[in-house]
Asks: 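Structure provided below as structure tokens; questions to follow.
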Amino acid sequence: MEIKKIAVLGAGQMGNGIAHVCAQAGYEVKMRDIEQRFLDKGMATIKKNLERGLKKGKTTEEEIEATLGRIDGVLDLEEAVKEADLVIEAIPEVVQLKLDTWKEVDGLAPPHAILASNTSSISITQMAAVTNRPEKFIGMHFFNPVPVMRLVEIIKGQATADETVEVIRRVSERLGKQTVLVNEAPGFAVNRLLVPAINEAIFAVQEGVATVEDMDLAIKLGLNWPMGPLTLADFVGLDTLLYISDYFVDEFKDSKYRAPALLRKMVRAGWLGRKAGRGFYDYSGDEPKPMRF
Ligand code: 3HC
């Protein structure tokens with residue numbers, strides 16, 4: 001089966017990144033969101049990120065125009081998916097929203113189309129079960145920022161066919177990504193490690209072991225991480241981290257995954273990280289300023 005047309009649901013942080021790499025690889029892309037302002041913001045981000053390569057001579061104006069020309073922003077779900085060979089969903093991590101969307105998409109997309117979710121934790125099997133094509137349903141987990149990060153985790157649900165895995169492996173490779181195949185389990189491979197690691201850094205700050213900036217510096221220089229864990233927490237979004245931690249506790253029934261009280265308080269205060277202008281750092285000035293707890 002050859003994939004030519006891809007529908008990306010959601011023009012947010014992950015959705016616009018996925019649309020970007022798909023269009024760059026030559027696929028015809030429909031990027032769908034529920035309001036024009038989200039589409040405009042997503043397209044502006046793609047343009048800005050594509051232009052990063054201009055000064056360095058890694059891309060040309062013509063290539064950028066051609067890539068942008070392959071992305072069609074749409075509001076109507078039917079228009080987005082009716083001719084798609086592959087639908088990649090990157091909408092908010094709300095179980096009911098995902099289930100309702102997939103039920104609708106299943107009725108609108110062509111029967112041959114593969115359905116892929118970019119969820120960071122929700123069960124692929126549960127989403128597949130609301131469609132009439134669970135063998136064509138799969139997890140395709142990208143990492144932020146999508147154009148830079150080289151991994152796609154491919155997640156096989158209970159009913160996913162081997163052929164679906166192979167098609168998604170080929171598409172991911174064409175996007176310039178390496179893949180790992182993961183059997184469904186909460187958090188798959190990467191978030192199972194990442195989320196407890198970031199939580200431990202937050203526990204350490206909460207207990208006064210080190211300041212925010214020292215904890216970040218320790219891990220950045222001591223473990224060669226590109227960003228310290230608290231900077232990364234702000235980058236991923238504190239609401240996302242809390243959601244995944246709570247989901248882990250529900251699914252594994254193991255308190256070792258519990259979220260630190262400080263994380264929960266920050267989310268309740270609306271300090272969600274970089275996107276909210278405040279998290280473990282304050283982003284209102286020229287340079288991020290570490291918070292004191
Ligand atoms: N889009 C496109 N390109 C981007 C970009 C973006 N949003 N952000 C950075 N880049 C490019 C730059 O243009 C530059 O390109 P070049 O190598 O061709 O010159 C390159 O990436 C490096 O960028 P910078 O020099 O500006 O900055 P850094 O060296 O500090 O790198 C970073 C930035 C790539 C974000 C790096 O800090 C990093 O890798 N951080 C960790 C990111 C990470 O761990 N992501 C995973 C999060 S977990 C997740 O997504 C899963 C979810 O389910 C929770």
Asks: So, Ser245 versus Asn199: side-chain donor-acceptor pair below 3.5 Å or not?
Replies: yes
Asks: Run the numbers on Ile244 and Ser120 for side chain to side chain contact (heavy atoms under 4.5 Å, CB included), then give the verdict.
Replies: CA-CA 8 Å; Ile244 299 174; Ser120 46; 3.8 Å; yes
Asks: Tell me, yes or no, whether the heavy-atom count around Leu221 atom CG, taken from other residues, nucleotides or ligands under 6.0 Å, exceeds 12.
Replies: yes
Asks: Looking at Arg150, I'd like to know if its CZ atom is crowded, meaning that more than 12 non-hydrogen atoms belonging to other residues, nucleotides or ligands lie closer than 6.0 Å.
Replies: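 Incorrect, the count does not exceed 12.
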Asks: Side chains of Met31 and Ile46, heavy atoms from C-beta outward: is any pair under 4.5 Å?
Replies: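 In short, these two side chains touch, coming nearer than 4.5 Å.
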Asks: Indicate whether any N or O donor in one side chain lies under 3.5 Å from an N or O acceptor in the other, for Glu135 and Thr164.
Replies: no
Asks: So do the side chains of Lys41 and Phe38 get within less than 4.5 Å of each other, counting heavy atoms only?
Replies: no
Asks: Does atom CD (Glu61) have a neighbourhood of more than 12 heavy atoms from anything else shown, all under 6.0 Å?
Replies: no
Asks: Given side chain to side chain contact (heavy atoms under 4.5 Å, CB included), test Ser172 with Phe142 step by step and report yes or no.
Replies: CA-CA 10 Å; Ser172 304; Phe142 290 84; 5.8 Å; no
Asks: To the nearest 0.5 Å, what is the distance between NZ on Lys177 and CE on Met140?
Replies: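 These two atoms lie 10.0 Å from each other.
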Asks: Tell me, yes or no, whether the heavy-atom count around Glu79 atom CD, taken from other residues, nucleotides or ligands under 6.0 Å, exceeds 12.
Replies: yes
Asks: Before accepting this row, confirm whether a basic side-chain N of the pair Lys47/Glu51 lies closer than 4.0 Å to the acidic partner's carboxylate O.
Replies: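 The answer is yes: the pair qualifies as a salt bridge.
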Asks: Where is the tightest heavy-atom contact between His20 and Asn49, given as atom of each residue plus distance?
Replies: CE1-CB, 3.9 Å
Asks: What's the spacing between Lys156 NZ and Glu184 CD if we round to 0.5 Å?
Replies: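 Taking NZ in Lys156 and CD in Glu184, the distance rounds to 11.0 Å.
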Asks: Hey, does Met149 have a side-chain heavy atom less than 4.5 Å from the side chain of Asn144?
Replies: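 In short, these two side chains do not touch, never coming nearer than 4.5 Å.
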Asks: Roughly how far, to the nearest 0.5 Å, is the CG atom of Leu263 from the CZ atom of Arg268?
Replies: 10.5 Å
Asks: Any salt bridge between Lys289 and Glu213, counting N to O under 4.0 Å?
Replies: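 The answer is no: the pair does not qualify as a salt bridge.
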Asks: Using 4.0 Å as the upper bound for N to carboxylate O, is an ion pair formed by Asp72 and Lys30?
Replies: yes
Asks: Considering the options Ile138, Ile6, Val171, which one meets the side-chain contact (heavy atoms from CB on, under 4.5 Å) requirement together with Ile114?
Replies: Ile138
Asks: Among Leu86, Thr160, Thr179, Ile88, which residue meets the side-chain contact (heavy atoms from CB on, under 4.5 Å) test with Ile168?
Replies: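 Filter result, single survivor: Leu86.
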Asks: Heavy atoms only: give me the nearest Phe280-Asp234 pair and the separation to one decimal.
Replies: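 So the minimum-distance heavy-atom pair works out to N-OD1, 2.9 Å.
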Asks: Give a yes-or-no answer on whether the side chains of Glu89 and Ser117 include a donor-acceptor pair shorter than 3.5 Å.
Replies: yes
Asks: Count the heavy atoms of every other residue, nucleotide or ligand shown that sit under 6.0 Å from CD of Glu173, and state whether that count exceeds 12.
Replies: yes
Asks: Does the side chain of Arg264 come within less than 4.5 Å of Asp246's, by heavy atoms?
Replies: yes
Asks: So, for His112 and Met1, which heavy atoms are closest and what is the spacing to 0.1 Å?
Replies: O-CE, 3.3 Å
Asks: Looking at every heavy atom in both Gln206 and Ala261, which two are closest together, and how far apart are they?
Replies: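 Closest heavy-atom pair between Gln206 and Ala261: OE1-N, 3.3 Å.
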Asks: Counting only heavy atoms not in Gln178, do more than 12 sit closer than 6.0 Å to its CD atom?
Replies: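 No, CD of Gln178 has 12 or fewer neighbouring heavy atoms, counting only those of other groups under 6.0 Å.
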Asks: Between Tyr247 and Tyr257, does the ring centre distance come in under 6.0 Å?
Replies: no
Asks: Between Thr240 and Glu93, is any side-chain donor less than 3.5 angstrom from a side-chain acceptor?
Replies: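 Distance-only check fails for Thr240 and Glu93.
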